[in-house]
Amino acid sequence: MNFVTRGIRNAFRNTVRTSAIVVILGLSLGLSLAMLVAHQAVTDRISSVKASVGNTITVAPAGFSGFSQVNNALTTSQLDKLKTLPYVTAVSENLTDRLPTTGSSTPSFGGRGEGTANTSGSTTSLTSPVTLNANSGGAVGGPRLFVGGGGTLPANFTPPVSFLGTTTPNQVNGTTLTMASGQSIDGGKDSNDALISSSMASKNNLKVGSTFTAYNMTLTVAGIFSSSNQADNNNVIVSLPAEQRLSGQSGDVTNGIVTVDSLDNLSSTTSAVKSSLGSLADVTSAQDQANQTVEPLSSVKNISLYSLIGAVIAGAVIILMVMIMIE
């Protein structure tokens with residue numbers, strides 16, 4: 001008991017010194033705790049970003065171009081092999097096509113027909129919601145439309161409607177769709193159900209349960225999604241098996257999106273995909289862009305770690321000095 005009493009008297013022998021030590025030690029411990037929490041939070045955030053940003057690989061037929069009249073094609077069986085690769089969490093398979101509106105004239109491009117991506121020669125009853133800007137182009141004058149080959153647009157021309165067959169109908173061009181009404185569809189089920197945009201529905205006076213024609217077949221609107229992007233608004237989304245059947249491209253895909261579990265495994269998985277498909281496909285990833293996204297977070301992580309180490313060292317030094325002064 002005398003030992004405790006003597007220690008307390010010694011500690012408060014110099015009130016200013018003791019108060020300063022307590023305050024500094026408290027700040028050191030508080031900073032250590034704060035930096036520990038910050039370091040863990042940033043580490044968790046980096047893991048989340050690596051699993052959701054820039055961790056995709058695009059697979060397209062070798063030499064593919066959306067403006068060619070003849071293209072190579074990949075097949076579902078070729079892309080199915082990618083699902084078994086290490087670190088691959090999902091493979092999205094897509095098939096695209098464009099159909100002119102029934103009764104819309106085909107423009108002439110230097111004496112040629114449109115000839116781009118309409119693989120079946122079919123039409124659709126839908127009218128595209130895309131607005132062509134044919135107003136005068138400022139001081140230079142003239143229309144603001146660009147027609148390749150110096151062609152002209154007929155008076156009753158409307159833009160073709162894009163059809164997307166996909167195994168992941170909830171996502172378009174990397175963007176998750178927001179359903180305004182109805183429900184999504186099963187990307188692996190062959191059915192005549194379709195998703196259309198709110199703009200497409202408004203343009204064609206359609207609602208959930210309404211029907212329209214495409215490929216000489218009747219399709220039903222299962223859901224309506226909202227989008228502020230005109231390119232997305234012009235998409236009609238169906239399941240991949242349905243698009244393959246409707247367009248007469250059984251087993252074909254236009255491109256695939258491979259999702260990797262983490263950015264850390266993106267480089268090795270990209271190499272594995274290239275090795276699996278060989279010269280059949282062009283394989284690209286956003287490795288550099290993804291690294292730039294994670295780099296600022298990594299800097300914050302390092303700063304929090306160094307601050308944590310500094311705070312712990314400061315606390316240890318203070319405790320050592322207290323022990324020396326007590327002696």
Side-chain angles (χ1 to χ4, degrees), residues 66 71 73 75-76 92-107 113-132 154 156-173 175-227 229-255:
N71 282 301
T75 65
T76 54
S92 172
E93 303 172 30
N94 308 298
L95 179 63
T96 59
D97 196 8
R98 292 193 300 171
L99 299 185
T101 301
T102 302
S104 173
S105 297
T106 302
E114 182 184 13
T116 57
N118 183 7
T119 57
S120 63
S122 300
T123 62
T124 178
S125 61
L126 296 175
T127 300
S128 172
V130 174
T131 301
L132 296 178
N156 64 337
F157 171 77
T158 59
V161 176
S162 297
F163 278 73
L164 172 64
T166 178
T167 55
T168 54
N170 293 326
Q171 291 191 334
V172 176
N173 299 325
T175 302
T176 301
L177 296 182
T178 299
M179 299 302 299
S181 60
Q183 59 185 5
S184 187
I185 59 177
D186 185 347
K189 181 181 179 181
D190 186 355
S191 70
N192 283 357
D193 293 329
L195 304 179
I196 62 174
S197 68
S198 299
S199 298
M200 183 75 77
S202 176
K203 181 72 173 181
N204 294 274
N205 297 317
L206 299 175
K207 60 183 180 179
V208 174
S210 299
T211 60
F212 61 92
T213 60
Y215 300 102
N216 299 316
M217 298 289 291
T218 300
L219 278 66
T220 302
V221 178
I224 299 175
F225 63 88
S226 58
S227 175
N229 185 296
Q230 283 205 56
D232 292 344
N233 284 334
N234 196 41
N235 275 319
V236 175
I237 303 173
V238 297
S239 69
L240 176 63
E243 180 62 26
Q244 289 173 333
R245 169 178 54 83
L246 291 169
S247 63
Q249 301 178 88
S250 177
D252 290 347
V253 292
T254 305
N255 64 72

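Note that the structure is a prediction, hence the values are computed from the model and not measured.
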Does [X] have any side chain to side chain contact (heavy atoms under 4.5 Å, CB included) partners at least two apart in sequence or in another chain, and if so, which?
X: Ser191; result: Asp193
X: Asp252; result: Ala73, Thr75, Gln249
X: Ser92; result: Asn94, Thr166, Thr167, Thr168, Ile257
X: Thr102; result: Thr123

Worksheet item: Which side chain to side chain donor-acceptor pair (under 3.5 Å) pairs, counting each pair once, include a residue from residues 200-210, with sequence neighbours left out?
Response: none
Is a donor on one side and an acceptor on the other found under 3.5 Å between the side chain of [X] and the backbone of [Y]?
X: Thr254; Y: Thr96; value: yes
X: Ser198; Y: Phe225; value: yes
X: Thr124; Y: Thr213; value: yes
X: Ser184; Y: Asn170; value: no

Just so I know, are the side chains of [X] and [Y] near enough to count as touching, which here means a heavy-atom distance under 4.5 Å?
X: Asp97; Y: Leu95; value: no
X: Ile237; Y: Leu177; value: yes
X: Asn233; Y: Met200; value: no
X: Thr218; Y: Asn192; value: no

Worksheet item: What pairs with Asp190 under salt bridge (charged side-chain N to carboxylate O under 4.0 Å, His left out), at least two apart in sequence or on another chain?
Response: Arg245
Check [X] against [Y] and note the closest heavy-atom contact, atom names and distance.
X: Leu126; Y: Thr101; result: O-OG1, 2.7 Å
X: Pro159; Y: Val130; result: CG-O, 4.0 Å
X: Ser162; Y: Asn235; result: CB-OD1, 3.2 Å
X: Thr220; Y: Gly209; result: CG2-O, 4.0 Å
X: Pro160; Y: Asn234; result: O-ND2, 2.9 Å
X: Ile224; Y: Ala201; result: CD1-CB, 3.8 Å

Worksheet entry | Spacing of Arg98 atom CZ and Ser128 atom OG [to the nearest 0.5 Å] | 10.5 Å
Worksheet item: Rounded to the nearest 0.5 Å, what separation is found between the OG1 atom of Thr211 and the CG atom of Leu206?
Response: 8.0 Å
Worksheet item: Should the pair Tyr215 and Phe163 be assigned to parallel (<30°), tilted (30 to 60°) or perpendicular (>60°) ring geometry?
Response: perpendicular
